[in-house]
Amino acid sequence: MSDIAIELRGIDKSFGLVHANKNINLTVRKGTIHGIIGENGAGKSTLMSILYGFYQADRGDIVIDGNTVTIKDPNAAIANGIGMVHQHFMLVENFTVLENVMLGAEDSQILNTSISKARVELKRLEKEYALEVNPDALIEELPVGLQQRVEILKALYRKADILILDEPTGVLTPPEADHLFRILGQLKDQGKTIIFITHKLREIMAITDEVSVMRRGEMVATRKTRETSVEELAELMVGRRVLLRVEKGAANPGDVKLAVENLTVRDGRGVTMVDNVSFNLRAGEIVGIAGVAGNGQSELLEAISGIRKAVSGKVLLNGQPIDVTAHVDPRELRDRGLAHVPEDRHHVGLVLKFEEAENGILGYHHDKRYLNGVFLNTKAIQADAEEKIKKYDIRPPNARLKTANFSGGNQQKIVLAREMERGPDVLIIGQPTRGVDVGAIEFIHKRIIEMRDQGKAVLLVSVELDEIRALSDRIIVMFAGRVVGERDPDATEGELGLLMAGVEGRKEAAE
Amino acid sequence: MDFFHTIIAILESTIRVSVPLIFAALAGLFTERAGVFDIGLEGKMLGAAFAAGAVAAVTGSVMMGLLAAILISVLLSLVHGYASITQRGSQIVSGVAINFIVAGSTVILGEAWFRQGGRTPALSGDARFQTVTFPFADAVRDVPILGPVYSDLLSGHFILTYVAFLLVPFSWWVLYRTRFGLRLRAVGENPGAVDTAGISVIWLRYRAVICCGILCGFAGAYLSLAMSAGFVKGMTAGKGYIALAALIFAKWRPLNIMLACLLFGFLDALAIRLQGNPLPLIGQVPVQLMQALPYILTVILLAGFIGKAIPPKAGGIPYVKER
Ligand SMILES: Nc1ncnc2c1ncn2[C@@H]1O[C@H](COP(=O)(O)OP(=O)(O)OP(=O)(O)O)[C@@H](O)[C@H]1O
Ligand SMILES: [Mg+2]
């Protein structure tokens with residue numbers, strides 16, 4: 001019996017021209033939580049997918065419990081006790097929880113017997129790990145937090161001893177993440193081995209025993225967590241010193257650029273998501289909207305940017321009204337100086353099948369600069385893309401590559417470059433750094449502050465409280481669709497946290 | 001009473017013309033639920049009809065004819081599978097290509113082998129399916145209402161007709177009550193989920209495509225060995241496309257498929273009945289209008305009355321892991 005659960009030796013993998021993993025060595029000890037960090041596109045997901053048999057390595061060995069094994073497909077990985085929760089969930093959306101958990105592990109040709117067995121086992125797992133979820137609910141009706149539970153249950157149902165979680169906290173609210181960490185702790189106590197990928201260094205420090213750092217396809221370091229620091233890890237990841245706190249001078253607010261008055265928005269089911277919200281946004285300031293995900297921030301952004309109709313209320317852009325209760329033409333808004341970086345870059349911000357250069361002008365393709373009469377001026381578009389790639393350090397630096405082939409962080413930079421480089425008067429940004437690595441976060445934060453210093457008005461929505469506090473000049477807190485308070489950025493995390501939880505400021509004093 | 005007999009006759013021919021639609025639509029159900037769209041139902045059915053007619057004529061055995069139909073249809077399915085699953089080509093192009101190749105080659109081969117202008121020799125006796133008469137069918141024919149229903153409507157069809165209708169609940173059972181069905185539906189929605197669950201996406205999709213081939217084989221054999229006595233060139237006459245319309249119309253569900261096929265079959269039967277018989281008030285209805293009716297109906301009903309027909313999510317998209 002060795003105390004090493006997994007050993008990867010000389011793993012190498014290329015996708016066409018992209019060398020995703022270069023001669024990777026990694027040792028993971030049994031019964032530990034092993035963190036893996038690295039910039040977007042560093043090759044973390046690829047490496048883990050190789051361990052799970054989803055991709056095949058071009059070279060290299062996988063050693064599990066001291067035996068060299070060939071993992072030619074996920075089936076072999078499962079047989080070796082490996083389970084994986086993928087970055088993008090692998091669930092059948094119109095199946096029930098139970099069907100998803102069972103899929104591939106049904107124990108007979110006829111479903112009825114498998115179903116009743118699976119139901120019993122699922123109940124047991126739910127109890128043991130406090131992973132409650134209704135087995136008969138359809139996946140598409142569950143919030144992402146619960147969908148992730150189903151993924152974890154799938155792995156446990158297959159009796160995984162080694163559990164790989166690829167950026168599990170990206171989609172979770174802070175309390176949900178805490179719950180996940182408790183479960184991981186419990187699994188560790190049972191002697192299971194956990195590999196945990198994240199971009200949040202705080203999480204690494206909080207729950208891992210060891211941490212490995214990847215950069216541009218290489219494994220650059222492994223550290224014992226208690227012998228390292230957030231600063232060292234950030235530096236290892238990016239290859240240079242990173243400013244974890246953004247430097248920013250005092251704001252210099254000017255005229256009101258965007259005025260929102262008594263805005264009310266309902267969602268598709270008629271539930272009121274934004275309830276009579278009013279605020280002002282001035283030139284040269286950043287206003288942050290804090291709140292636990294799902295408290296109306298998304299709908300607020302959508303209404304202001306013309307994606308969703310408001311029920312009532314007024315929005316003034318540069319003093320001129322936007323007709324938010326009727327159909328708003330996004331092109332008109334752009335022409336009037338409003339730019340929008342949507343929260344969901346995959347569905348709203350980008351056409352993943354387009355080339356990078358094409359996405360770089362999306363929505364601005366009417367601009368004379370990009371046109372030759374009625375035809376697109378490909379030369380100008382290409383040149384424009386190359387300039388942005390350089391300025392925003394988009395990797396790989398290839399404007400002809402399909403956008404789907406960029407990692408999440410780089411996709412985000414493509415959207416940011418497009419919207420920021422136009423120099424809009426008002427910039428609305430949702431979740432600017434979701435799924436983005438520390439190096440890129442530093443860059444994005446700097447750019448946002450630069451915009452402000454140039455006298456632009458910035459409205460920022462983020463579920464990351466740290467980000468809101470670091471960037472904002474004023475913080476507005478939303479709860480259940482209403483504005484429940486406005487604070488300075490030096491308000492304590494506790495104070496903001498209570499507001500976000502819907503507890504009034506007065507009560508805070510009493511506690 | 002005459003009116004009643006007319007109704008029975010129309011319903012009887014409704015059943016007769018619905019059968020190939022049911023076979024073909026169920027065939028499409030299996031592949032499309034697994035994420036492989038198949039516009040080549042028409043071609044497979046035609047190829048199968050030809051093989052059935054030719055082999056039955058040569059061997060004099062209806063069973064050999066049926067086997068040949070299934071064999072050819074499965075082979076064509078495998079070609080479609082190879083192009084769209086293994087080679088990850090366009091499923092539409094592959095399906096259309098099969099339709100064209102079969103339409104042409106059945107005529108050429110038929111003419112080369114039998115020299116009857118693309119027909120196969122007329123079949124009789126053991127080379128053709130016989131109708132099944134239910135017990136006491138003749139005895140109860142004179143019982144009012146129920147008699148004709150039993151004797152003329154239910155009794156007296158080909159064995160394949162009963163097979164087709166039994167296949168409807170059977171397909172439902174396979175899709176919704178077996179492990180194979182669960183996996184098949186999953187692979188049509190999210191092949192990634194199937195792959196990471198340790199199941200081979202490729203093999204699963206091939207099995208679905210083979211199921212489709214078998215069922216199209218039945219459809220073709222019914223055309224040339226039961227409904228007609230031999231193969232006639234182009235005898236599917238767009239039934240493959242109507243089956244496809246029925247499949248969409250039925251939102252990819254077995255029971256709905258049967259109802260949709262019966263509805264389309266009914267329109268067809270009505271069209272035949274109305275030929276040359278002007279309707280009171282309306283007058284002569286053009287045949288072409290009646291023939292277009294299934295398609296028009298599909299478009300209208302899908303557009304507003306039965307809600308959105310959501311196809312399997314991964315349908316039509318080859319499974320590519322590494323770009
Ligand atoms: N299926 C694929 N086909 C082609 N290229 C791929 C594929 N998957 C990943 N890549 C490329 O391989 C590189 C590594 O990607 P990978 O997803 O492993 O990064 P990552 O470290 O997980 O990044 P992130 O933090 O953004 O999730 C990237 O350049 C990516 O574009
Ligand atoms: Mg990743």
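By convention in this document, chain letters (A, B, ...) are assigned in the order of the sequence lines, proteins followed by strands, and residues within each chain are numbered from 1.
Interface check for chain A: of the options B/V194, B/L182, B/N190, the most heavy-atom pairs under 4.5 Å are formed by B/L182. Of the listed residues A/L111, A/I78, A/I115, the one with more heavy-atom pairs under 4.5 angstrom with chain B than any other is A/L111.
By the neighbour-count criterion of 12 heavy atoms within 6.0 Å, atom OH of B/Y82 is sparsely surrounded, having that number or fewer from other residues, nucleotides or ligands. For CZ of A/F354, the number of neighbouring non-hydrogen atoms (other residues, nucleotides, ligands) closer than 6.0 Å is 12 at most. Heavy-atom contacts from other residues, nucleotides or ligands closer than 6.0 Å to CZ of A/R216 number 12 or fewer. No more than 12 heavy atoms of other residues, nucleotides or ligands lie within 6.0 Å of NZ in A/K402, so this atom counts as exposed by the packing criterion.
Applying the side chain to side chain donor-acceptor pair (under 3.5 Å) test to pairs two or more places apart or on separate chains, those with a residue in residues 27-43 of chain B are B/E32-B/W252, B/R33-B/Y176, B/D38-B/K44, B/E42-B/T236.
Interface residue B/I199: only side-chain heavy atoms are found under 4.5 Å from chain A. Contact annotation for A/F54: both backbone and side-chain heavy atoms come within less than 4.5 Å of a heavy atom of chain B. When heavy atoms are compared at a cutoff of 4.5 Å, A/S108 approaches chain B solely by way of its backbone atoms N, CA, C and O. Residue contact with chain B, scored on non-hydrogen atoms closer than 4.5 Å, is absent for A/K72.
Shortest non-hydrogen contact noted between A/P74 and B/D195 is CG-O, 3.2 Å.
Looking only at side-chain heavy atoms (C-beta outward), A/E106 and B/R183 come within less than 4.5 Å of each other. A heavy-atom distance below 4.5 Å is found between the side chains of A/I110 and B/W173. For the pair A/D73/B/S200, no side-chain contact is recorded, criterion being any heavy-atom separation below 4.5 Å from C-beta on.
Side-chain atoms of B/K321 do not come within 3.5 Å of backbone N or O of A/Y55 as any donor-acceptor pair.
Annotation: residues 81-101 of chain A contacts chain B through A/H86, A/F89, A/M90, A/L91, A/V92, A/E93, A/N94, A/F95, A/E99 [non-hydrogen atoms, separation under 4.5 Å].
Distance check: A/E140 CD to B/E189 CD gives 8.5 Å after rounding to the nearest 0.5 Å.
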